[in-house]
Amino acid sequence: MQERYNAREAERRWQKIWDERAIYTTRNDDPRPKYYVLEMFPYPSGRIHMGHVRNYTMGDVLARYMRAKGHNVLHPMGWDAFGLPAENAAMERKVHPKAWTYDNIATMKKQLQTMGLSLDWSREVATCDPSYYKHQQKMFLDFLKVGLAEREKRKVNWDPVDMTVLANEQVIDGRGWRSGAVVEQREMSQWIFKITKYSQDLLDALDTLDRWPDKVRLMQRNWIGRSEGLLVRFALDPKTSPAGESELKIFTTRHDTLFGAKFMAIAPDHPLAQAAAAKNPKLAEFIAETKRHGTAQEIIDTQEKMGFDTGIRAIHPFDPNWKLPVYVANFILMEYGTGAIFGCPAHDQRDLDFVNKYGLGNTPVVCPPGQDAKSFVITDVAYDGEGTMINSRFLDGMTIEQAKEEVAKRLEGETRGNSSIGERQVNFRLRDWGISRQRYWGCPIPVIHCPKCGVLPVPDKDLPVALPDDATFDKPGNALDHHPTWKHVNCPTCGGKAQRETDTMDTFVDSSWYFARFTDPWNEKAPTDPKMADAWMPVDQYIGGVEHAILHLLYSRFFTRAMKKTGHIGMNEPFEGMFTQGMVVHETYRDKAGNWVIPAEVKIEGGEGARRATLIKTGESIEIGPIEKMSKSKKNTVDPDDIMETYGADVARWFMLSDSPPDRDVIWSEEGVQGAGRFVQRLWRIIGEVAAVSAAGIQPATFSDDAMMVRKAAHRALANVSDDIARLRFNRCVAHIYEFSNALAEALGSVENVPSADLTWALREAGDILVRLFHPMMPHLAEECWAALGHKTLVAGEAWPAVEAGLLVESTITLPVQINGKKRADVTVPRDAGKEAVEAAVLALDTVKKALDGKSPKKVIVVPQRIVNVVA
RNA sequence: GCGGACGUGGCGGAAUGGUAGACGCAAGGGACUUAAAAUCCCUUGGGAGUAAUCCCGUCCGGGUUCGAGUCCCGGCGUCCGCACCA
């Protein structure tokens, strides 16, 4: 046995063996219980980064553990291969998106393979491959048939110089990133998926996802944003309405505050605003101004709140003489509710800011408990809490809930024309999913526009609608649209001249069903074989970044429902267990000129507050900056290849799991990696020592104290690690393995020249357990150790060891003793001692007697197996 | 702006409402060595004390409880998402 473990040599050797024996290839007809573990597939950006290493290591640990526990594990990998960066590369570097993407896939696949992941590569898919996206096109047509895909006008970021649509990330400070032109909002006809048909269901089903993080469910709940409110039809003063409009419909959840109303506000693209603008050039200019920025919600919310009085007056539903001014406001969205609100400034901060700016005043109508109604005033902080209605005529004295009920009842009962002026309504914040993208590198939307026959689906026999390879990328905009011939086709119905849809699908569509495709990726006829999909799905454990907590996960949940409706799968929820991992972060470094410097070029010296950094090449001193998410722009990245080359994949994997809880950020540090590297060598030495004690015979009937200590340490570690892997608490697994290996090393250190038979057996058992415990995290080292222990099998195929429960229980237990909540002593009692016996033992302690000073205690709290507290 | 999280030694972190700091890193001391690396052993939250021991301590301010890092209310700070980045 070699003294030092040579990771580079061993890792390649074992990877080759795993590969030759195809041990990670999963069969659909394997009778063992299934377990589907999936990590979010990567975008092929060029090279893998540390975030991938972390993500895929976690999944791999679970996959290997579940395999050892006797499951048929599905652990596939693929490529989220469509998207903007490929087109940017095409424009900047004159490489075709397809070539660029497939080159990246080849590189990254090789990188992933050096990590030693137990992936079934025979199921690999790339979303940019026609064999994948033709099924997506089929499903689009299925969705179209059942009314889940439609066309709708949507706002996009328009670059008026490049004459192209921009992604939000391409809008920087309100300007196009290439042209620098001020971006405008422009409406375009877009394809949408009717996710809102499932708003209530997507919301309700969150309660069944009990293996999802609460925070993710909460974020989705808020994103869906169900609110119960009232639709109110305000009459308009006919003298003021621009084109004979008689009413304005608003949605509100605060109808209790109707008597605090000071104004109405409508969205700039509300029909009433448009009508008013037709007669008022200044208003038209104001509306045009509100469109002179991107479509991102953050911009709309953070920009200065502005309004323009249209001159239109609305009539209060409870008082025909009460007129309210109607403003066009830049913070009202046409997409939410009816695109119009009434403003009650006293109880809504945004409305209050608005009236304070335009001098409209406010009247408080909800008085907080304990406040005097007469003196209660609002100046610049709105009150949105509970209270009693005031200044509200017939509502005075009611609670908010009572007032809402009363208002709803009265307005429902009152009619104008032949319908009531109030109507209870449930509203959702969730909008339909716009999937049209004006780009080349995406899945073509399979429809044809015929001037005579309208919008037609591409016939099934013509699928896939494939991207043309001979596109050019020398001008901004959609290369598909620019292509000289591609879009020109004959109408499938009348045979006349028609045009293909040149929009492609949002890449979120690609990633909304890949998990189902993995269950039968060879299927050429259909997206899935529902039998196989239903056998494998749902994914038992899905792992990925929190940044996908809302959109990707919600879209996938919708898409699965839509696939069910169109017969491709038999369930609603794709992911039974969800885990959101934290980011990989690193210190940042800058030179004197303020330029970012990559960690590999920096040398760190000194510890404990005296750390300083210098540039290796020149010795120039470098400023150590804050720890931030690894990013190319700040150059605080570490290349996984470098790490694996220097330390080996196992070290990288181990360190990724060891330092932080998996759902929190992990700081990549050179010291930490070195520590992991030392531990790999330490394990190798320990196993070497175990291997050196003579081979184990038959299990002895009894064990000496020494041997029992070893056995207890092994089984305690086994119990703890098993529990923690199942709960994805990998950092704790690591700590338990450290603890156990320390105990084993200590036992080995005190072994006589010829250990007794029982101790030999116990040490051997411990060695076998240790190797199998760390195998999921460091599979290559584990194989090497397993072989060194004399086994002829692969540890990757071994069963998880069984815990001997008897070794976990002690006959006595030491309880901490508190006096008035502060720990003052310990007491050791038999494990099964009753409360009375424990109390008696505690009261007999000197420390307790002294504290009580002869008096009897006020109270003694005995928490069995945990603690005793004496209240003096 | 809205929504969500997080905040514990020099550092990463551990702790079903029950002994705060497991485990690791870093640092200091020692052993081995001609020397270094590697390895092994010891110390390590702050303060007082020869010691036993005591006091303080989980971002800040309140509260609930026999007992709060953990629960509640109010701040401060950092990070993530916001619908065309993936």
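Here is how names work: the chains are called A, B, and so on, in the same order as the sequence lines, proteins then strands, and each is numbered from 1.
Contacts of Arg217(A) with the nucleic acid, taken as non-hydrogen atoms under 4.0 Å apart, are absent. Residue Val165(A) is classed as a base contact, given a heavy-atom separation below 4.0 Å to a base. Heavy atoms of Ala296(A) sit under 4.0 angstrom from primed sugar atoms or phosphate atoms, though from no base atom. Ser45(A) comes within contact range of no nucleotide atom at all, as no heavy-atom separation falls under 4.0 Å. Using a 4.0 Å heavy-atom distance criterion, Gln170(A) is classed as making no nucleic acid contact. Base contact: His548(A) has a heavy atom under 4.0 Å from a base atom. When heavy atoms are screened at a 4.0 angstrom cut-off, Thr302(A) is found touching base atoms of the nucleic acid. If you check every strand for non-hydrogen atoms under 4.0 Å, Gly434(A) touches sugar and phosphate atoms only. Across all strands, Pro42(A) comes closer than 4.0 Å to no nucleic acid atom at all (heavy-atom distances). Residue contacts shown for Val734(A) are absent, as no nucleic acid heavy atom lies under 4.0 Å away. Residue contacts shown for Val546(A) are absent, as no nucleic acid heavy atom lies under 4.0 Å away. In this structure, Phe508(A) reaches the bases: a heavy-atom distance under 4.0 Å links it to at least one base atom across the strands shown. If you check every strand for non-hydrogen atoms under 4.0 Å, Leu84(A) touches sugar and phosphate atoms only.
Under the 3.5 Å distance criterion, with hydrogens and angles disregarded, a donor-acceptor pair is assigned to the side chains of Thr295(A) and Asn157(A). Counting only N and O atoms by type, the side chains of Gln581(A) and Asn55(A) include a donor and acceptor under 3.5 Å apart. A side-chain donor from one of Asn88(A) and Arg178(A) sits under 3.5 Å from a side-chain acceptor of the other. Side-chain polar atoms of Thr127(A) and Tyr43(A) form no donor-acceptor pair below 3.5 angstrom.
Annotation: G12(B) and C82(B) have their C1' atoms spaced 31 Å apart (nearest Å). Comparing the P positions of U44(B) and A37(B) gives a spacing of 24 Å, expressed to the nearest Å. Separating the P atom of C11(B) from that of U16(B) is a span of 23 Å, rounded to the nearest Å. Straight-line distance between the P atoms of C71(B) and U58(B): roughly 16 Å, to the nearest whole Å. Separation of the P atoms belonging to A15(B) and G69(B) is 15 Å when rounded to the nearest angstrom. Going from the C1' atom of G57(B) to that of C2(B) covers 37 Å, rounded to whole Å. Between C76(B) and A83(B), the distance separating the two P atoms is 26 Å to the nearest Å. With both ends at atom C1', the span from U65(B) to C55(B) equals 24 Å, rounded to whole Å.
The Glu298(A) side chain lies nearest to C82(B) when the options are C82(B), G4(B), A86(B). In this structure, of A26(B), U39(B), A83(B), it is A26(B) that holds the atom nearest to the side chain of Glu671(A). You'll find that the side chain of Asn731(A) is closest to G13(B), out of G13(B), A86(B), G3(B). Ranking A5(B), C84(B), G1(B) by closeness to the Leu218(A) side chain, first place goes to A5(B). Comparing A83(B), C80(B), C66(B) against the side chain of Asn869(A) picks out C66(B) as the nearest. Considering only the side chain of Trp223(A), A83(B) comes nearest among C55(B), A83(B), A86(B). Nearest nucleotide to the Lys823(A) side chain, out of U19(B), C84(B), G3(B): U19(B). In the set A86(B), A20(B), C54(B), A20(B) carries the atom at the smallest distance from any side-chain atom of Gln818(A). The side chain of Leu430(A) approaches A83(B) more closely than any other nucleotide in the set G4(B), G1(B), A83(B). Comparing C80(B), C84(B), G18(B) by their nearest atom to the side chain of Arg439(A) picks out C84(B).
Under the 90° criterion around 0 for the glycosidic angle, G57(B) counts as anti.
Checked against the 6.0 Å centroid threshold, Phe354(A) and Phe331(A) count as a close aromatic pair. Trp513(A) has its ring centre less than 6.0 Å from the ring centre of Tyr132(A). When ring centroids are compared, Phe655(A) and Trp668(A) come within the 6.0 Å threshold.
The side chain of Arg729(A) places no N or O atom within less than 4.0 Å of a non-bridging phosphate oxygen (OP1 or OP2) of C23(B). Residue Asn222(A) has no polar side-chain atom (N or O) positioned under 4.0 Å from OP1 or OP2 of G81(B). At least one side-chain nitrogen or oxygen of Lys822(A) sits closer than 4.0 Å to the OP1 or OP2 atom of C56(B). For Arg682(A) and C40(B), the shortest distance from a side-chain N or O to OP1 or OP2 is below 4.0 Å. The shortest distance between the side-chain N/O atoms of Arg664(A) and the OP1/OP2 oxygens of G7(B) is below 4.0 Å. In terms of phosphate contacts, Arg431(A) brings no side-chain nitrogen or oxygen within less than 4.0 Å of OP1 or OP2 of A83(B). For Asn168(A), a side-chain nitrogen or oxygen approaches OP1 or OP2 of A83(B) to under 4.0 Å. Look at Thr507(A) and you'll find a side-chain N or O under 4.0 angstrom from OP1 or OP2 of A86(B).
Note: CG (Asp659(A)) to P (G12(B)) measures 10 Å, nearest angstrom. Summarising the geometry, the separation between CD on Glu335(A) and C1' on C82(B) is reported as 14 Å, rounded to the nearest angstrom. Taking atom CG of Leu748(A) as the reference point, atom P of C41(B) lies 12 Å away to the nearest angstrom. Summarising the geometry, the separation between CZ on Arg350(A) and P on G1(B) is reported as 13 Å, rounded to the nearest angstrom. With rounding to whole Å, Ile224(A) atom CD1 is found 14 Å from G4(B) atom P. Atom-to-atom, CZ of Arg178(A) to C1' of C85(B) comes out at 14 Å; the value is rounded to the nearest Å. For the pair Ile867(A) CD1 and C66(B) C1', the interatomic distance rounds to 10 Å; values are reported in whole Å. Distance, Phe730(A) CZ to C23(B) C1': 17 Å, rounded to whole Å.
Remark: Lys858(A) NZ is loosely packed, at most 12 non-hydrogen atoms of other residues, nucleotides or ligands lying under 6.0 Å away.
Residue whose closest nucleotide on RNA chain B sits further toward the 5' end, between Glu739(A) and Gln190(A): Glu739(A). Residue order along RNA chain B, read from the 5' end via each residue's closest nucleotide, puts Val216(A) first among Lys155(A) and Val216(A).
A distance of 10.5 Å separates CG of Leu551(A) from OG of Ser556(A), quoted to the nearest 0.5 Å.
A donor and an acceptor atom never sit less than 3.5 Å apart when one is taken from the side chain of Gln297(A) and the other from the base of G1(B).
Closest heavy-atom contact between Glu298(A) and Thr302(A): O-OG1, 2.6 Å.
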